[in-house]
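Side chains included, hydrogens not; waters and symmetry mates left out as well; all remaining heavy atoms used.
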Amino acid sequence: MRQFLRFKQAHPGCVLLFRIGDFYETFDDDAVTISKALGLTLTRRTEGLPMAGVPHHQIETYLRRLIDQGFRVAVCDQIQEAKDAKGLIERAVTRVLSPGTLVDESLLDERSPGRLAAIACEGLGTQQRIGLAVVEASTGAFAVTEIGPSQLVDELTRRGVTELIHSDQAGGLIGSATGGSSGAGVAAAIASAAGALGLAVTPRPAWHFRSDEACEILLKHFRVGSLAGFGLEGGEPAMLAAGAVLRYLLETQAPMHDLAANGGGATGSCARPLAHLQPPRRDALDDACVLDAVTLRALEIERTLRPVAAGSGLPGKPGQGLGGDGSLLGVFLGTGSSACKTAMGKRLLREWLCRPLREPAAIRARHACVASLVEDRRLADELVAALSEIQDIARIAGRLAIGRATPRDLVALGSSIRAASTLLDTIRGVPALQPIAEALASVLPRLLPIAERIRATCVDAPPPHLREGGLVRDGVDGELDEARRLRLDATGWLSEYQARLIAEHDLPSIKVGYNSVFGYYIELPQAQSRRAPDSFTRKQTLKNAERYITPELKVFEEKVSTAEARSLERERAIFDDLRAKAAETLEAIGQCAASVAELDVLLGFADRALRRGWVKPEIVDEPVLRLVGARHPVLELSLGDRFVPNDVSLGEAEAALALITGPNMAGKSTFIRMAALVVILAQAGSFVPAESATIGVVDRVFTRVGADDALHAGQSTFMVEMTETANILHHATPRSLVILDEIGRGTSTLDGLSLAWAIAEWLAVGARSIADAEPPALGPRTLFATHYHELTRLQELLPGRVQNLHVAVREWPPGDLEAQLVFLHRIERGRADRSYGVHVARLAGVPAAVVARAHEVLGTLSVREHDDPAASSTRNGPIAKATGALPSEPGYRAAAAAPTNGQLGLFTEFIAHPAVSALQELKLDAMTPMQAFDALRALHAMVEAR
Ligand code: ADP
């Protein structure tokens, strides 16, 4: 227990798995924790000491489950053979695992980066700056950046962070500070990020984040005299975060490194700890099209939000894993798709889709690559074949750096490098791919020699570990060959030796044999023992025979008994030597991995383009979005030809804001999401699902679709909606794309409508023009799906700035409550005539009586709304003011001010139709059939006249 407690103390915050014989045991609180987390039986070793364990051969499975639940785990192994131990067996912590620092293949998800982030803060309130450092332990990528508190969740989401560390004093330092209007403070941001993203959050001692300490560890690790070369300044938050993240990594990874270096052969089997860690690279946030966390989730870029019923078109299970079917990533990586051959490509694809480009030239360059791969299918096929041979060398490099590369890793590295060289030969002549060719050409000469050595040295199908040897080919190493031969040829040698002895000494009864207790022997029948030559030393006397040993046989015996150990040792030395050689090329392996990944993603884009008939988008400078025959990339997969393509035209000659009305289920959401996904695909470098596409580069995509409570735990749905909307209104620029779905749903109808109206107006005339009473500027390109038909009047009120679209529906028979609705999913110009909500309710299976009653209630509600003084005051309240305060656009002001029937005319739906009142007043019992018919005719006329 003292030994256990010593390790426990050295690794605070970790669950300690302690190897005892065939089990990894945990004690005390750890035992209680993991018995709950893993559903294990809790036992007691001694009274009052809870204990729970897992069989050693299943450790990887249990580790995976613990890490997935956000635990940090230290694995303590026996580092001494039980038979060699005098007293207590020596043990050591061989691995420290946490969600953000995994490197072992069995524990990693090949598609997700699994990153560790550290944050350090400076300043208060709106002045607050957060330094963010993000490391991918498995590949060594290291990025730093600086953000505001409100961007934290977005950045952590986008970068695929799984574990966050921060100063244990962060709460105290920043607890009272809130980010002003831009959001809550860092403490709150950490809490909300942890909740929303399921991050493991690990507080670390505050001194790790101090300037001197951070600077020192960075300088030491990267062996530089100043951090200026990395673009880091002393004391700035990004530097503090970088130092803290490095210290944490060294702490968790160093035990493995030390053990590998000491226990794994004295030859120094690996480079210095974390040699694969690249110097921190500063990420500028403005070189990418920003997709915030809300957008990434709402547009289902990485994973789907919720389950969708079978047959509705959208496949997918709830919250399906990364790249699962139903997400945009799933279009490339889901079932049935063969895009992206390598794990590195899969991760880069995620990166590209979550962080599309903004620089037109860079986007066009990617399109040119895709085009050349689409045009030359033979080229593409050859590349795919070569890529299929390439393993995850980025992560192999990571394991090399900490001395955990396996024999299979080494052989995979060799064959992958050779396949990369085939790639290079294949793309040499292709103009668009020159940058990739050059990058590969600059690193391969450094890598090919080691690849060649690995091939010459190692067998093609190596064992997963070196315990029983079997990695090195025959004929590579004389000593190893001999050791192996001895093991194999023991019987042959013995019979040869026996024949020699018989001939030499003329003793035909000599037998040479082996006994597990006494070892090798020469046996003579008792009767002949007197004739034994002098070179024979007696070893054992049996009833009828004597057994001897000779110096020659002794040497042979020693050789054989140690042959196994020697061959293993030899293999280990050769393996370590190769690993050390490979570890000298870590940087080159990293660069090679990057080029391979890039090519893989471009091929993935080409594959989709070819298979689904996607086209190359035209990227222009003007803020326009013109799509012809566009399809939703995910839905077209499941619906095929049944998906109805649509056009989008925003900006330039057309109004930049489109209002889309139409019944529920008609396809409004699908339409607006489609537009956003097409833009994201295009700026990520892909072709797009359309007949043609002209896209003015977008600086940010904003979305407000459906309630997304997970990111705002503890807030009401409406609060979430307004928070997200506020963010859009503050930050959208004329270059942005805004996707709004059903704004104003979470509150009363009139509030909702008023807000929706004001928001649409603000976006249509350009945010700043209203606030500053400047001439109307350009608004962001906006697609605004709404069930408030009243909004469609904006088209007349703001000519040239708002266009109405609706989704075509056929009702049959027309005007009948029992009518069947046929959703044509076709977007047409103009406004929808009404909302069909009650039809949809019937379609959804709401009982007929309830549907009929809803019709009745609808009528009375309209009357009430009309009579409600509060409602009328609203009518003349904020909206009238807002419209009155609009800058002078003559048409707009005139139209807005012109009253219709004494009302503003925006709320016709809430005013009882006169026919309804007239109908209510009829005394049917006192009427003759003729009078009744006249009354009916009058009512009809009233309706017609409207
Ligand atoms: P709304 O937002 O108008 O309520 P949705 O966009 O959610 O409607 O669409 C409802 C369903 O209609 C979708 O699940 C999809 O199956 C189908 N759908 C939408 N657009 C199309 C289309 N263009 N072609 C074929 N089916 C579509």
Measure the [atom1]-[atom2] distance between [X] and [Y] for me, rounded to the nearest 0.5 Å.
X	Y	atom1	atom2	result
T782	L763	OG1	CG	4.5 Å
L657	L783	CG	CG	8.0 Å
L156	L132	CG	CG	6.0 Å
L805	L659	CG	CG	8.0 Å
I739	R781	CD1	CZ	10.5 Å
T733	H731	OG1	NE2	11.0 Å

Do [X] and [Y] come close enough that some side-chain heavy atom pair is under 4.5 Å?
X	Y	value
P780	R735	no
V648	M674	yes
I827	H806	no
C289	I680	no
L791	W757	yes
F823	P663	yes
Q683	D699	no
L627	D647	no

Please determine, by modelled atom types, if [X] and [Y] share a side-chain donor-acceptor pair under 3.5 angstrom.
X	Y	result
D154	T157	no
E742	T786	no
S669	D741	yes

Least distance between heavy atoms, [X] atom then [Y] atom:
X	Y	value
A684	P356	N-CB, 3.9 Å
L625	A675	CD2-CB, 4.4 Å
A630	F643	O-CE2, 4.1 Å
L328	P633	CD1-CG, 3.8 Å
G131	P237	N-CB, 3.3 Å
S736	F702	OG-CE1, 3.7 Å

Between [X] (side chain only) and [Y] (backbone N and O only), is there a donor and an acceptor less than 3.5 Å apart?
X	Y	answer
H166	A120	no
Q803	S649	yes
R700	L291	no
E302	S327	no
R673	A298	yes
K668	V807	no

- Item | Step-by-step side chain to side chain contact (heavy atoms under 4.5 Å, CB included) determination, V688 to V679 | CA-CA 8 Å; V688 295; V679 168; over 6 Å; no
- Show your working on side chain to side chain contact (heavy atoms under 4.5 Å, CB included) between L740 and I728 and close with a plain yes or no. CA-CA 10 Å; L740 297 172; I728 298 177; 3.8 Å; yes
- The single option from E828, R831, E796, Q795 passing side chain to side chain donor-acceptor pair (under 3.5 Å) against N804: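 Running side chain to side chain donor-acceptor pair (under 3.5 Å) over E828, R831, E796, Q795 with N804 returns exactly one hit, Q795.
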- Message: Do the side chains of E155 and R355 get close enough for a salt bridge, i.e. N-O under 4.0 angstrom?
- Response: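 No, this pair does not count.
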- Salt-bridge contact E652-R626 (side-chain N to carboxylate O under 4.0 Å):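 Yes, E652 and R626 are salt-bridged.
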- Item | Passing option when L329 is tested against R303, R350, E300 for side-chain contact (heavy atoms from CB on, under 4.5 Å) |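 The option that passes is R350.
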- Member of V738, I301, L299 meeting the side-chain contact (heavy atoms from CB on, under 4.5 Å) criterion with V701: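 With V701 as partner, side-chain contact (heavy atoms from CB on, under 4.5 Å) holds for just one option, L299.
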- For the pair T202 and E163, evaluate side chain to side chain contact (heavy atoms under 4.5 Å, CB included) and give the outcome as yes or no after the intermediate values. CA-CA 7 Å; T202 314; E163 181 176 5; 3.1 Å; yes
- Dump the intermediate steps for side chain to side chain contact (heavy atoms under 4.5 Å, CB included) on L650 and V624, then the final yes or no. CA-CA 6 Å; L650 301 178; V624 294; over 6 Å; no
